[in-house]
Peer 1: 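Below you will find the structure I want to go over with you.
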Amino acid sequence: MDTEIELKFLLSDNEVPLVPGLLMQFAKTVNNKPTKQLQNAYFDTPERHLRKLDIGLRTRCCNDECEQTIKLAGEVVGGLHQRPEYNLPIEGGKPNIALFDASIWPTGMDMAFISANLQPIFSTNFTRRKWLIETENGSQLEVVLDKGEVTAGNQSEPISELEVELIEGDRSDVFAFAEHLISQLGVRLGLYSKAARGYRMADKKPLIANKALSFVPLSKRDTQEQALEESLGYAIRFVQKHEQCYFDEPKLKTLKRVLDGISLIRHIFWLFDEIVEKEATEHLRKELKWLLGELSWVENAMQLKTYTSKRHAYYKKINNAPELAQVITDLQDVQPSETDMQDLFHCARYNRLLLALTRFLLERTWRKTWNQKAAIAAEKPIVEVAAQLFERDWQQLKQMVLEDKSFNSNDYLQLKPHLENTMLNGNCLGSLFDKEDRRIFRTPWLDILYGVYELQTLSYLKQLCVGHGDEQLEEIQKWLEQKANFLVTAMEQSRVASLDNTPYWR
């Protein structure tokens, strides 16, 4: 068995010729391996039994020699792929999984049934160039460049990937070489394997953006440190997934999910401050702040697009005010373009941040600044930490939204940061408690938060109407104020009702 520890990068055709030169710049020695044309077929049952167990079965043929490979469930974080892998030679291109040691399979797996029902699902065919390099520190890395395509039925997608794997030595050299690549090429860290892409094509299930942040999957047996690792891994994958979704189909709501993921990462550093010292994340937080700034326009852009949609109730009113419609159009014209966003996701600073987050997680960098208090806190049961945190949040929130107090627009706008933090706490730790109780408790508060976002946009539209000296815009401003008041009335009803809900963590 080999356990892969490799970083995957996606690169464009015009960057491929630059790779050999970059290897020579970085490495102490470079050993070129023969170029190979690899023909690969991936097998599973019609019901996808292997896929459901996160097992990949592949045959690979080159120059009349074939082997079969099993890849078991592993972990992918920030482009770093770690999966147990088993390889055996076979005659021809048909797999025979009975040849593998029986101990590698998950308990309860029906080997006879799966073996009898295997069929080819998709193929990947590509040219592979390989180099073995030695670093100045004496580490040995394998660098692989694959160019070709993945095919399922009559569909195909290009493959253009560079993989860097540690063969021997210090893992930090993998990251050093990755830094070298990122600084010289417009590469992106790759989240999805060739197999994952092939399955999506074969099953006609394209990558779909989430409608919102979900809940980090945690166990009540987890310690606080394990919860930190799970939360940070989830958030990094969430960002990378929606980055890829944006390349597949550029949409504002997909960019909003990237923004949500970045916000969650920053929140995690605050949430786990018992075991993550501020100094350990200073540089990361600075870079996250930069990235949030690069995406700060997205929320307003989404609202403006919604309000100017013909399906929206406000469309007719706004469209009947040419001056306001023109101001909105002008604002939309200066928003970053799809190309601008793709350039952002290719830029060195963005990918260096993802790489640094990956390394922070993989190497548990937070431990370097631990004292005894932090080490003890790391072992606390997360379910106890979560209940105490939620209770503290709830008491603070109740003090801010007293039932006998009337709220106006400004009150709700000032409540936004606390509500957002409270909801993010739930995203990180809420899975530890009953799902239905959690939904009942959170839903009205989420409705209030969405109402705050709409109030924010109504306020923004009102500001656009100010200072033009136009009677029609003054009328629109009054109308927007009226809409805001109606919205606040509905939010007030939700607020009062929400205070009677039973907390789901008790």
Side-chain angles (χ1 to χ4, degrees), residues 1-6 8 33-76 81-130 142 144-161 163 165 167 190-205 207:
M1 181 195 79
D2 301 310
T3 299
E4 293 181 329
I5 300 179
E6 65 179 28
K8 182 191 295 289
K33 295 295 182 180
T35 299
K36 294 182 178 180
Q37 187 67 37
L38 301 179
Q39 297 180 324
N40 313 275
Y42 288 75
F43 292 80
D44 206 335
T45 68
E47 298 81 13
R48 305 298 190 257
H49 285 87
L50 294 178
R51 181 66 171 164
K52 291 172 184 175
L53 294 168
D54 197 16
I55 295 174
L57 170 60
R58 178 195 71 204
T59 63
R60 168 170 291 170
C61 295
C62 178
N63 299 329
D64 298 325
E65 293 184 359
C66 298
E67 68 173 7
Q68 61 179 357
T69 298
I70 283 289
K71 291 188 179 184
L72 300 181
E75 185 178 16
V76 182
H81 296 240
Q82 300 180 84
R83 298 192 73 178
E85 177 180 310
Y86 302 86
N87 299 285
L88 287 175
I90 52 173
E91 294 293 330
K94 189 175 180 180
N96 181 1
I97 60 176
L99 298 177
F100 289 104
D101 190 315
S103 65
I104 74 172
W105 306 113
T107 303
M109 184 172 165
D110 190 341
M111 287 295 303
F113 175 84
I114 291 175
S115 181
N117 288 276
L118 287 174
Q119 63 182 37
I121 307 299
F122 59 91
S123 64
T124 61
N125 299 296
F126 49 85
T127 300
R128 167 163 288 181
R129 295 183 65 184
K130 184 189 294 186
E142 181 180 83
V144 173
L145 176 63
D146 291 336
K147 282 285 297 174
E149 63 181 11
V150 52
T151 302
N154 58 1
Q155 290 184 297
S156 65
E157 291 182 2
I159 293 171
S160 186
E161 299 176 351
E163 296 177 352
E165 182 177 354
I167 303 300
L191 177 62
Y192 297 105
S193 66
K194 299 178 185 72
R197 294 172 62 190
Y199 269 112
R200 282 204 301 269
M201 289 176 60
D203 295 338
K204 296 179 172 56
K205 293 181 178 179
L207 199 61

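Numbers here are sequence positions counted from 1. Given the structure is predicted, the values throughout are model-derived calculations rather than measurements.
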Peer 1: For Pro46 versus Gln119, what's the shortest heavy-atom pair and its separation?
Peer 2: CG-OE1, 3.6 Å

Peer 1: Can you measure from CZ (Arg48) to OH (Tyr199) and round to the nearest 0.5 angstrom?
Peer 2: 6.5 Å

Peer 1: So how far is it from Leu38 CG to Cys62 SG, rounded to the nearest 0.5 Å?
Peer 2: 5.0 Å

Peer 1: Mark yes or no for whether Asn63, through its side chain, and Glu65, through its backbone, hold a donor-acceptor pair below 3.5 Å.
Peer 2: no

Peer 1: Any side-chain heavy-atom pair from Lys147 and Ser160 closer than 4.5 angstrom?
Peer 2: yes

Peer 1: Heavy atoms only: give me the nearest Gly198-Val150 pair and the separation to one decimal.
Peer 2: CA-CG2, 3.7 Å

Peer 1: Search all heavy atoms of Phe43 against all heavy atoms of Thr59 and return the closest pair with its distance.
Peer 2: CE1-OG1, 3.5 Å

Peer 1: Is the ring pair Phe122/Tyr42 parallel, tilted or perpendicular, if the boundaries are 30 and 60 degrees?
Peer 2: parallel

Peer 1: Is Met109 close to Ile114 at the side-chain level, that is, under 4.5 Å between some pair of heavy atoms?
Peer 2: yes

Peer 1: Hey, is the main chain of Glu47 close enough, under 3.5 Å, to the side chain of Lys52 for a donor-acceptor pair?
Peer 2: yes

Peer 1: Return the minimal non-hydrogen interatomic distance between Thr151 and Gly153, and the atom names on each side.
Peer 2: CG2-O, 3.8 Å

Peer 1: Are Asp146 and Lys194 ion-paired here, with the side-chain N under 4.0 Å from a carboxylate O?
Peer 2: yes

Peer 1: To the closest 0.5 Å, what do you measure between CD (Glu157) and OG1 (Thr124)?
Peer 2: 12.5 Å

Peer 1: Going by heavy atoms in the side chains, are Leu118 and Lys94 under 4.5 Å from each other?
Peer 2: no

Peer 1: Which atoms form the tightest heavy-atom contact between Arg128 and Arg60, and what is the distance?
Peer 2: NH1-NH1, 3.3 Å

Peer 1: If you round to the nearest 0.5 Å, how far is CG of Asn125 from CD1 of Ile159?
Peer 2: 8.0 Å

Peer 1: Contact between Leu53 and Trp105 at the side-chain level, heavy atoms closer than 4.5 Å - yes or no?
Peer 2: no

Peer 1: In sequence, state the C-alpha distance, the side-chain angles, and the governing distance for Asp203 and Arg51, and then conclude on salt bridge (charged side-chain N to carboxylate O under 4.0 Å, His left out).
Peer 2: CA-CA 11 Å; Asp203 295 338; Arg51 181 66 171 164; over 6 Å; no

Peer 1: Quick check against the 3.5 Å criterion: does Asp44 have a side-chain atom that pairs as donor or acceptor with the backbone of Leu50?
Peer 2: yes

Peer 1: Within the 4.5 Å heavy-atom criterion, are Arg200 and Tyr192 side-chain neighbours or not?
Peer 2: yes

Peer 1: Tell me, with the steps shown, if Arg197 and Glu161 meet salt bridge (charged side-chain N to carboxylate O under 4.0 Å, His left out).
Peer 2: CA-CA 13 Å; Arg197 294 172 62 190; Glu161 299 176 351; 3.7 Å; yes

Peer 1: State the CZ-CG distance between Phe126 and Leu145, to the nearest 0.5 angstrom.
Peer 2: 10.5 Å

Peer 1: Please find the pair of heavy atoms, one from Leu72 and one from Ile104, that lie closest to each other, and give the distance.
Peer 2: CD1-O, 3.4 Å

Peer 1: Is there a side-chain contact between Lys71 and Arg58, using heavy atoms and a 4.5 Å cut-off?
Peer 2: yes

Peer 1: Calculate, to the nearest 0.5 Å, the distance between atoms CD and NZ belonging to Glu165 and Lys8 respectively.
Peer 2: 11.0 Å

